[in-house]
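Notes follow once the structure below has been shown.
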Amino acid sequence: MIYDVEDETPEGRAPHPVAAAALPRYEATFPVLSAEEIGKVRPFGTVGRYPAGTALFETGKPGPGMFVILAGRVAITQRDGLGHVAPVLEQGPGQFLAEVGQLSGQPALVDGHAIGDVEAILVSPEDIRSLLVADAELGEKITRALILRRTSLIDRRAGGPILIGRASSRDMVRLQTFLSRNAWPHTIVDPEEDHQGLALLVHYRVENPDRPLVVCPDGWLLRNPGEAELARQLGMLSQSTDRRQFDVAIVGSGPAGLSAAVYAASEGLSVVVLDALSFGGQAGASMRIENYVGFPAGITGQELAARAHVQAQKFGAEMLIPTTVKGIDCSRADGQLILDLDVGLDVAAKTVVVASGAKYRRPDIPGLQRFEGRGVWYWASPIEAKLCSKKEVIVVGGGNSAGQAVVYLARHAGSVRMMVRGKGLASSMSQYLIDRIEATPNISVMVQTAITGMDGPPDGDLAQVTWRIGKDGIEETAPIENVFIFAGAEPATAWLRGCGVEFDRAGFILTGDHPASPSGEPRSPLETAVPGLFAIGDVRAGSVKRVGAAIGEGSQVVSAIHQFLAAEMDAARHAEAAE
């Protein structure tokens with residue numbers, strides 16, 4: 001039986017059965033394995049028997065892996081931190097129980113209980129990855145189902161936290177963005193629109209609805225948590241305190257970092273990926289990338305990054321997200337580079353790939369920082385677009401990211417002013433975006449224009465913006481509540497200062513043209529002045545700031561890593577022979 005849980009009553013969700021055919025891509029999402037396919041699974045798992053009523057997995061607790069049902073049936077239900085429980089579906093012989101989080105042992109997002117006695121093959125997360133690689137056809141079927149299931153769980157808001165607070169507040173937007181960028185289900189309850197949300201705020205004595213109350217699936221309450229605190233409570237991040245050793249540590253999980261992770265892991269290297277916020281980087285916030293080869297209809301940055309994120313885990317790359325790298329020890333003690341992380345964990349790696357990218361520069365505008373998260377944004381996602389519905393907005397910047405944001409926001413906002421300091425867009429933007437902007441009636445391009453001021457009520461949101469057209473032009477002021485800034489870029493390299501890495505005047509990392517490696521061979525064009533430390537993507541000086549170029553450098557750096565590791569091994573052998 002399949003259930004639709006979209007309808008709700010004041011007492012909670014009220015599911016009602018619907019036909020399986022009514023669910024999108026049902027057969028791909030919940031395939032039935034043949035006897036031959038089950039035979040291929042058996043060597044990777046162990047057969048277990050589960051009496052009636054046994055919980056195979058529970059919401060909020062680490063999933064044990066993938067269950068392939070041999071006999072009996074399992075009821076899948078979703079449960080939230082407020083005690084609401086709703087049936088989702090039942091699965092029987094030949095079907096498997098897992099979603100993409102089981103590739104890394106993340107907490108389950110639903111409950112699974114045996115209906116009667118159940119016999120099933122349990123495949124651990126590590127062995128799931130081995131299975132996916134060992135059999136391409138079966139691996140493709142399972143991988144597609146795992147991804148579709150996570151998408152479905154996000155749509156159903158299953159197993160994630162409940163965020164209670166004013167939907168447009170700075171902290172609510174911050175938490176929504178964090179969970180959305182990490183593809184984590186969540187529910188928003190705005191007390192201004194939902195009487196149950198208001199009652200909960202009163203019950204838990206939350207006086208300011210701008211500071212959200214978060215109810216986790218296990219019932220634990222967090223009051224306006226930081227992203228790291230929320231991630232720990234949800235089990236998104238392993239809390240191991242032992243030093244881990246890897247062949248490659250990749251700092252940054254944008255297109256360059258994810259590409260490097262996929263290629264390095266697929267070639268047998270042990271890989272860990274670290275990122276302070278989420279996978280995808282700035283590209284992950286793009287609502288439409290149309291000039292990336294192979295996607296003629298375009299693809300969102302989030303979808304492209306999510307596919308790469310799953311692909312890297314499929315080959316065994318470990319993800320520590322969100323984790324901030326505080327510093328690095330480049331002394332190469334025991335042949336390792338040591339990363340100091342904010343979670344009380346040191347990670348040791350033979351090589352480190354810096355793919356930490358760049359963030360948009362904060363223009364020198366009075367009042368700018370005061371309104372960040374309160375009308376000033378550095379990305380344009382559905383969360384911000386909803387806040388701009390039917391309103392006039394400003395987009396600052398003339399590059400492709402700004403162009404994509406303008407086109408996307410024009411579908412939601414009443415009108416969009418695009419402000420650029422230069423005389424036009426041709427020198428910095430792809431022609432297809434220029435053509436689309438010119439063809440969109442509610443977009444106006446204001447050249448040689450710069451914002452000179454922002455204002456709003458004390459402790460309130462942005463209310464008006466002042467700008468100047470031309471160097472000596474007259475200033476204009478208008479009631480604008482949302483400004484999106486995509487101007488310039490500052491490399492994220494503060495954690496590298498003092499370790500021997502060289503930078504250009506703008507702070508981007510210099511690579512190549514350095515002294516010879518231990519084997520006497522020239523260094524890779526992607527290697528920094530520190531042996532074994534590489535830089536790729538937007539953070540590298542001289543790189544082409546495009547998604548395709550970043551992905552290409554991610555592939556290229558793996559070849560350089562192999563050469564470095566081989567040279568290090570040869571140098572060690574020569575040293576031993578000399579002794």
Side-chain angles (χ1 to χ4, degrees), residues 100 103-104 126 128-136 139-140 143 147 244-275 279-281 283-284 289 292-295 299 301 303-321 337 339 347 349-357 509 511-512 517 521 523-528 531-540 543-569:
V100 77
L103 288 176
S104 56
E126 181 178 358
I128 295 174
R129 299 192 295 266
S130 298
L131 170 63
L132 299 183
V133 173
D135 191 295
E140 180 184 357
T143 300
I147 294 172
R244 302 292 308 279
Q245 295 187 351
F246 297 88
D247 293 323
V248 188
I250 301 170
V251 182
S253 62
L258 290 173
S259 172
V262 169
Y263 283 100
S266 68
E267 294 179 15
L269 298 174
S270 59
V271 179
V272 62
V273 180
L274 309 109
D275 197 289
F279 63 82
I289 299 173
Y292 185 61
V293 175
F295 295 92
I299 186 171
E303 185 179 4
L304 181 65
R307 292 183 181 187
H309 183 244
V310 172
Q311 193 174 15
Q313 291 179 81
K314 166 185 171 181
F315 290 118
E318 295 191 27
M319 300 287 170
L320 290 180
I321 303 173
L337 297 167
L339 296 172
V347 165
K350 297 176 183 176
T351 60
V352 170
V353 177
V354 182
S356 48
I509 299 174
T511 58
S517 66
E521 297 297 325
R523 290 194 187 279
S524 159
L526 300 179
E527 191 173 10
T528 72
L533 185 65
F534 301 83
I536 59 175
D538 288 1
V539 76
R540 189 177 69 84
S543 66
V544 178
K545 313 307 187 203
R546 289 287 189 271
V547 170
I551 291 174
E553 289 191 9
S555 167
Q556 183 182 352
V557 76
V558 176
S559 175
I561 288 170
H562 281 302
Q563 294 175 13
F564 176 84
L565 293 176
E568 287 278 289
M569 187 174 295

query = So, do Thr528 and Val354 sit near enough that their side-chain heavy atoms are less than 4.5 Å apart?
reply = no
inquiry  = Parallel, tilted or perpendicular, judged at 30° and 60°: which one describes the rings of Phe564 and Phe534?
reply    = perpendicular
Partner of Ser104 under side chain to side chain donor-acceptor pair (under 3.5 Å), picked from Gln313, Arg129, Glu126, Glu318, is Gln313
Separation between CZ (Arg546) and CG (Asp538), nearest 0.5 Å, reads 10.0 Å
Only residue of Val273, Leu274, Asp275 satisfying side-chain contact (heavy atoms from CB on, under 4.5 Å) with Leu320 is Leu274
Sequence neighbours excluded, the answer for side-chain hydrogen bond (donor to acceptor under 3.5 Å, both in side chains) partners of Thr143 is none
Heavy atoms of Ala355 and Val539 approach each other most closely as CA-CG1, 4.4 Å
Smallest heavy-atom separation, Ala312 atom then Ala265 atom, equals O-CB, 4.3 Å
Here the pair of heavy atoms bringing Ala549 nearest to Val544 is CB-O, 3.4 Å
**Message:** Is there a side chain to side chain contact (heavy atoms under 4.5 Å, CB included) between Thr351 and Leu269? Walk through the geometry before answering.
**Reply:** CA-CA 11 Å; Thr351 60; Leu269 298 174; over 6 Å; no
**Asked** Are more than 12 heavy atoms from other residues, nucleotides or ligands located less than 6.0 Å from atom CZ of Phe246?
**Response** yes
dist Ile551:CD1 -> Glu553:CD (nearest 0.5 Å) comes out at 11.5 Å
Contact between Leu339 and Val272 at the side-chain level, heavy atoms closer than 4.5 Å - yes or no? no
So does Gly252 get a backbone contact from the side chain of Ser356, meaning a donor-acceptor N/O pair under 3.5 Å? no
dist Asp135:CG -> Glu140:CD (nearest 0.5 Å) comes out at 10.5 Å
Residues Gly537 and Ser543: closest non-hydrogen pair is O-OG, 2.8 Å
Looking only at heavy atoms, the pair that brings Thr511 and Ala535 closest together is CG2-CB, 3.8 Å
Rounded to the nearest 0.5 angstrom, the NZ-CZ distance for Lys545 and Arg540 is 7.5 Å
Rounded to the nearest 0.5 Å, the CD atom of Gln556 sits from the OG atom of Ser524 at a distance of 6.5 Å
In terms of heavy-atom contacts, Val271 and Ala264 come closest through CG2-CB, 3.7 Å
Residues 246-272 vs salt bridge (Lys or Arg N to Asp or Glu O under 4.0 Å), sequence neighbours excluded, gives Asp247-Lys350
Here the gap from Arg307 atom CZ to Phe279 atom CZ, rounded to the nearest 0.5 Å, amounts to 12.5 Å
